[in-house]
Amino acid sequence: MFSVAEALELRDSAVRLPILVLSGIHDPSEAEAVLRHGLVPVLHPGPAEGFLLQAAEAAGQPARVEVEVDTGMRRSGVLADEALPFLQRLAAAPQLEVQGIFSHAACADAPDLASTRAQWQLFSRLIERCANKGMRFDRIHGANSAALLAGEGLASELPAANAVRPGDRKSG
């Protein structure tokens, strides 16, 4: 799901599976909604972190989150060289439970997969550094639709991955 509003539509339709809110949260009311409805927002550095910490404290329950790492897409997420301190700060907060980490393959549909391989090597090194600091994630993913379609060309490049994010024809 892209937004909290879209995720709430699924909850209203009796979908009880985990729902990842890719756009994250943007205000205190969205932070309260993700906790109340058991959604998993992507947490980016900035005001959303404070909104979620306050909502989790008020609710008396930890907020489950995932973190997007920008390894080359240059669209959203914490920059790869700033990710470890950000993740360490989140892991130290009792109001948060970092369940997953992901990146987005910027050019997985290109004939030459070298840039995607470089992204995933950067991401793999970060995952390794996190593991060395005692951080573990339930979900690790980097494959969008284009990366899935690349098949064997990328299948072994991100060995820690255990999830994917296929989109539809419009969102890819």
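The figures here come from the full heavy-atom set of this structure, side chains too, leaving out hydrogens, waters and symmetry mates. Keep in mind the model is a prediction, meaning the values are calculated, not measured.
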Enquirer: So, for Ala63 and Ala56, which heavy atoms are closest and what is the spacing to 0.1 Å?
Expert: N-CB, 4.0 Å
Enquirer: Locate the shortest heavy-atom distance separating Phe51 from Ala31; write the atom from each residue and the value.
Expert: O-CB, 3.5 Å
Enquirer: Verify the cluster assignment for Phe86 and Leu84: are they in a single hydrophobic cluster under the rule of side-chain heavy atoms below 4.5 Å apart?
Expert: yes
Enquirer: Measure the spacing between CD of Gln121 and CG of Leu126 and express it to the nearest 0.5 Å.
Expert: 14.0 Å
Enquirer: Between CD1 of Ile101 and CZ of Arg139, what distance do you get to the nearest 0.5 Å?
Expert: 12.5 Å
Enquirer: Which atom pairs, donor and acceptor, lie under 3.5 Å between side-chain atoms of residues 127-135 and protein residues at least two apart or in another chain?
Expert:
unit_1	atom_1	unit_2	atom_2	d
Asn132	ND2	Glu128	O	3.4

Enquirer: So how far is it from Leu90 CG to Glu97 CD, rounded to the nearest 0.5 Å?
Expert: 12.5 Å
Enquirer: Donor-acceptor pair, Glu82 side chain versus Leu79 backbone, under 3.5 Å?
Expert: no
Enquirer: Heavy atoms only: give me the nearest Leu8-His37 pair and the separation to one decimal.
Expert: CD2-CD2, 3.3 Å
Enquirer: Could you check if a side-chain atom of Ile19 sits within less than 4.5 angstrom of a side-chain atom of Glu6, using non-hydrogen atoms only?
Expert: no
Enquirer: To check you understand the geometry: which heavy-atom pair defines the closest contact between Leu39 and Ala33, and what is its length?
Expert: CD1-O, 4.5 Å
Enquirer: Can you measure from CD (Glu66) to CG (Asp138) and round to the nearest 0.5 angstrom?
Expert: 8.5 Å
Enquirer: Roughly how far, to the nearest 0.5 Å, is CG of Leu52 from CD of Glu32?
Expert: 10.5 Å
Enquirer: Just how far is it from atom OG of Ser23 to atom CD of Glu68, taken to the nearest 0.5 Å?
Expert: 10.5 Å
Enquirer: So if you build clusters from Ile, Leu, Val, Met, Phe, Trp, Tyr with side-chain heavy-atom gaps below 4.5 Å, do Val34 and Leu10 land together?
Expert: yes
Enquirer: Taking all atoms of both residues into account, what is the closest heavy-atom pair of Val21 and Ser3, and its distance?
Expert: CG1-C, 3.6 Å
Enquirer: Before you tell me yes or no, could you show the steps for Arg16 and Arg11 under side-chain contact (heavy atoms from CB on, under 4.5 Å), namely the whole-Å CA-CA distance, both residues' side-chain angles and the distance that decides it to 0.1 Å?
Expert: CA-CA 7 Å; Arg16 297 293 164 239; Arg11 284 289 187 250; 3.3 Å; yes
Enquirer: Is the number of heavy atoms from other residues, nucleotides or ligands under 6.0 Å of Gln88 CD greater than 12?
Expert: yes
Enquirer: Under 4.5 Å between side-chain heavy atoms, hopping through other hydrophobics if needed: is there a path connecting Val67 to Leu122?
Expert: no
Enquirer: Just do the side-chain contact (heavy atoms from CB on, under 4.5 Å) check on Leu20 and His141 with the steps written out, would you?
Expert: CA-CA 12 Å; Leu20 180 63; His141 44 109; 4.0 Å; yes
Enquirer: What is the minimum heavy-atom distance between Ser103 and Gln119, and which atoms define it?
Expert: OG-NE2, 4.3 Å
